[in-house]
Every structure is written in C-alpha cells, then in structure tokens.
Protein chains: 2
Amino acid sequence: MTRIQGARERARDEITAAIKDEARRQLAAEGAARLSLRAVARSLGMVSSALYRYFPGRDDLLTALITDSYDALGDATEAALEASAAQADSHIARWQAVCRAHRSWALAHPHEYALIYGSPVPGYAAPASTTVSATRAARALLTVAAEAYAAGALRVPGTDGAARGGPDPEAKGAPSAPEPVLEDARELAERLGIGLPAPVVAELVAVWAQLAGLVSFEVFGQFERVVAAREKFFDHAAVTLARNVGLT
Amino acid sequence: MTRIQGARERARDEITAAIKDEARRQLAAEGAARLSLRAVARSLGMVSSALYRYFPGRDDLLTALITDSYDALGDATEAALEASAAQADSHIARWQAVCRAHRSWALAHPHEYALIYGSPVPGYAAPASTTVSATRAARALLTVAAEAYAAGALRVPGTDGAARGGPDPEAKGAPSAPEPVLEDARELAERLGIGLPAPVVAELVAVWAQLAGLVSFEVFGQFERVVAAREKFFDHAAVTLARNVGLT
DNA sequence: CTCAAGAGAGAGCGGTGCTCTCGAAATGGA
DNA sequence: TCCATTTCGAGAGCACCGCTCTCTCTTGAG
C-alpha cells in the first residue's frame, strides 16, 4: 500500500537518493574505505550534520549501497536469464549468459562488487535485511539448472557408477557430495523452494562460490600479468562449472 | 651477503618487528580499515611521529603486512606439500592436503587473508615486490600437478575425443581451453618455469581462482546460513577441482 | 491558526594520517 | 679521543574524519 506522499516526504526521498548517488560516485572514485560522509555532504552543498537526518551513520549509508548493489547485480543477471530464455539456446549457453552478465556487471562496477563480495567492512556485519537481495543473483543460476533438470538435460552427480567403492576416473557421472553436505543442500533447497536433487544443489553452492572467485580475481587485478584473454578464459571456465553442475 | 649488524641496526630491526607485530594484533582484532598508526604507536609507548622513522606511511605498513601474510600462507601450503610427500598418498590426496592447508590458514587468519584476497585497499596497488611472495601459495598446487604429470597420473584436457566437433558429454577428457588462453598459459608456464602442458596450466589458473572463491566465501561468512558441514563441503569441492585439472 | 515535528546550520569532541622542527643520543672517521 | 654526521624520539600543529548537541527556521497536520 503506497501512501500519497506530501511534498516533504517526496523531498526526503529525493535527497536520500541524491545522497546515495553522490556516495556511489565517491565509492567508484575512491573506494569504500575512503567514502566520507563529510565529503558527500560537501558535494551536495549540505553541512555534514544534516546528513545524519537521512542516515544514522556511515555504516548505514554503506549498508544502503550494499543492498542497492545486490539488487543491481540481481537485475543484471535476471535480465540475462530472461534474454537467454527468449533466444532459446542450449542450457549450457543460458548458463554461460548468466555467468557473463555477472562478470560484466562486476567489471563495470568494481567497487560496488567489492562491497558485496570483497572483504567485509571492519567490524561490520551485513544485517539480515540484505540476504533477500543477496540471493537474487545466485537464484538466476539455480533457475537455469532447474529448467535444465525439468528438461532432462541435467545429469545428477552420484548417478552412473559413482556408488561402487573407490574413485573411478572412468565413471561418467561426477561423484556426489557426502551425506552431511547433502543434508545441508536439502535444507537449503527447501528454504529457497528449489525443485532440484540435493547433489545438484550442493554442487551449485560450490560452483557459485567458484564463480565469485573467478570474477573476484579478475576484478581485483589478480590476473594482471597472468591472463590476457580474460573473456575467453572466463567463458571456458564458466562452461567447465556448468559441466560440474551436471548441465549437458 | 649479511653484514654484521651494529647495535643500532639490530635495535631498528627489533622495533620494526615490534611495530609489525602490534599492527598484526590490531589487524586481527579490528580489521585492516581500522588499523591505526597512532594506536600502534600508543601500544608501543611511542609517539605517532616516531613511527614514521620505520614506515613512510600507513600504506607501507599495510604492504609489509601483506607481504608477510603471503609468506605465511606460502609457508603453510609448502609445509603441507612436504608433509603429504612424506606420507605418499595418491596425487589427489596430496592436492587435497594442500587445499586444506590453504583453507586452514585462511580460517585461522581471516583478516590477513582478507588483506591478500579480499578487496584491495582503496587506491592502493600492490607493488611488484609482493608478486614473488604471492605466487608461492599457488606454486604448491602447481607442484602437485607437475609431479602427477611426471608420474603419468594426469589426464591432459583436450586429449581423448574432445577434438571432434561438437560438445560430447560422453568424452572422457575435459575440453581444452581455447587457443588465446592456451597462449597465455604457455607464456605463464615459461615465466614460472613450469613443466606442464598449456591446457593443464590454463585449467590450474582457473582452479586457483575458484579455490580462492571457496575459501573467501567461507572466511567472509557467505556460507553462514547455507553450508553447515563446511569441512566436508570443502574437501568435496577440492577433489572436484583436482579432477578438473585432470588429476587421477 | 497553532504548535509539534522535521530539517538545516554551526560549534565542538576525540580521533586519524602526516609534516615539521628541535634536542638528545649513537656512530664512525680524524 | 674528539667532533661532525646521522639517527631517533618527542612535541606541536595541520587538515581531515565520524558523530553529537544545540539552536533556529520551516513545514504541515489538527
């Protein structure tokens, strides 16, 4: 239910947005650690104390930026998900499209990406309110896997000769995760409402972290004198991850 | 060539070490962003300006801590490498031992881990002097792969029916990375003196980033309400990564 | 129209990184 | 041994930070 906003309320929303915009600008220019309330206020022609009418403190402003970043990344990946659905490629191609969207957004907004997947700010712990936004980007990958599963284009790990004793390198299906991990996966699948077998969910969680690792390394410059053909490198790795999940 | 140190020089080294120790303590307690030169000086009974005789600035102190952290992580993984060589398990078991060492060190020193694999400090770019220390931890994994390759226990990607046209899910060997990536891999292999085929090196780089992703997610709390059986989860993922490299 | 609530300005607190100057102490060559 | 040079710690000070408090002015609901 959306109340009618008075002029005052509208002004408040606009100023709040202006503060966040300016903060985002400083974030992109200087990084999170150098984000300064006073500088933001100065740029907006306010005095610093006035800013505290809108955000209780620096950390809260940062939290707002984090939530927004999660949502922006979620928007990007969901858009890629829908676009890839339209042009109806293979499931692996869809997976790749979502991965690419993730990477592209991160490269375009490195400091915001650092905000959500970099080292957490000092003593700061992300409030529970961010978790909903946080799962959106991951869910796009889950969706690809779920649709592939529904279409029979997903090989569940643990199927196909992984059960018989020792490690068998010739087995077609990848070995499944051990039971305690599967238990976590079941719990997670239920909580998120995912219609996917536990071994797949377990693999998806791991792959999710690995994808973030690939993107983080690139965004944070760890590939500086290591990989030059970054796009092709990433695409290849993304397909490998898709195979690990069981996509065909 | 180690010169004989006068009393003065020795004192300087001791004080430098004391500063770094205290800084590390504050780092562990508060995180990098809250690391304060003045607080370090205060704890050491100095005045803040005296500290500038030892480090040109806060960033330089941070750089010293980063280098030390790289070395500590390198020590941990190399120790695991040697220990696993002694008890002579399978190559995958060695791989897993090195991965475990990496994870254990990271969990034991989360803030130092954040220093090296988290978001880079504001405008700060790691000086070239850190790169030697930086590669040490990665090299332990390279060594495992190289020894497995020498022992014939490594299947090179691109071998075994990946060359024929379209993607073949039944193929035993994983598909190789595309040519530009292989070119990067060759260059890297030569620069680091690695006796490993380019497709394997390419896979190792990707897997290296993915391993960091797994560890980072755990250290930074991203698995908080997602994975409970973290150790088993990690072990399973590490083995999957080993398989991606081609280890058998 | 009244009056409480909201919003901005300003001063001020303790903290930060960093610079500069000054005096004391250690060092090493004459 | 003596003395010039270097090294070091201390202190004051600058500009900035997050944050609080108070005071004034404006707004809008009753």
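First the proteins, then the strands, lettered A, B, ... as listed; each starts at 1. All figures in this text were calculated on a predicted structure; none of them were measured in a lab.
For Arg38(B) against dG15(C), no side-chain N or O and base N or O form a donor-acceptor pair under 3.5 Å. For dG6(C), its base never sits under 3.5 Å from the side chain of Arg12(A) at any donor and acceptor pair.
Distance Arg58(B) CZ to dG15(C) P: 17 Å, rounded to the nearest Å. Rounded to an integer number of Å, the gap from CD of Glu14(B) to P of dT7(D) is 19 Å. Arg10(B) places its CZ atom 15 Å from the C1' atom of dT27(C), with the value rounded to the nearest Å. Straight-line distance from the CE atom of Met46(A) to the C1' atom of dG10(C): 15 Å, rounded to whole Å. Rounded to whole angstrom, the span from the CG atom of Leu61(B) across to the P atom of dC18(C) amounts to 10 Å. Atom OH in Tyr52(A) sits roughly 6 Å away from atom P in dG18(D) (whole-Å rounding). Rounding to whole angstrom units, CZ of residue Phe55(B) and P of dC8(D) are separated by 13 Å. Atom CG of Leu51(A) is separated from atom P of dC17(D) by 12 Å (rounded to the nearest Å).
Using a 4.0 Å cut-off between a side-chain N of Lys or Arg and a carboxylate O of Asp or Glu, Asp13(B) and Arg10(B) do not qualify as a salt bridge. Using a 4.0 Å cut-off between a side-chain N of Lys or Arg and a carboxylate O of Asp or Glu, Lys232(A) and Asp235(A) do not qualify as a salt bridge.
Side-chain nitrogen and oxygen atoms of Tyr54(B) include at least one within less than 4.0 Å of the OP1 or OP2 phosphate oxygen of dG9(D). Within the 4.0 Å cut-off from OP1 or OP2 of dA10(D), not a single side-chain nitrogen or oxygen of Arg42(B) is found. The shortest distance between the side-chain N/O atoms of Ser36(A) and the OP1/OP2 oxygens of dG18(D) is below 4.0 Å. In terms of phosphate contacts, Arg34(B) brings no side-chain nitrogen or oxygen within less than 4.0 Å of OP1 or OP2 of dG18(D).
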Starting from the C-alpha separation in whole Å, work towards a yes-or-no answer on side chain to side chain contact (heavy atoms under 4.5 Å, CB included) for Leu141(B) and His102(B). CA-CA 10 Å; Leu141(B) 288 178; His102(B) 189 95; over 6 Å; no
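Listed candidates were dT22(D), dC19(D), dT21(C). Nearest to the side chain of Arg53(A) is dT22(D).
With the nearest nucleotide of DNA chain D identified for both Ser49(A) and Ala39(A), Ala39(A) has the one nearer the 5' end. Comparing Leu37(B) and Ile15(A) by the nucleotide of DNA chain C whose heavy atom lies nearest to each, the residue mapping closer to the 5' end is Ile15(A).
Within a heavy-atom distance below 4.0 Å of DNA chain C, no residue of residues 16-26 of chain A is found.
Remark: His236(A) engages no residue in a ring-ring contact (aromatic ring centres under 6.0 Å, His included) (not counting sequence neighbours).
Aromatic ring orientation, Trp208(A) versus Tyr117(A): perpendicular (interplanar angle above 60°, classes split at 30° and 60°).
Across Ala209(B) and Leu214(A), no two heavy atoms sit closer than the pair CB-CD2, 3.9 Å. Listed here is the closest heavy atom pair of Phe233(B) and Ala202(A): CE1-O, 3.7 Å.
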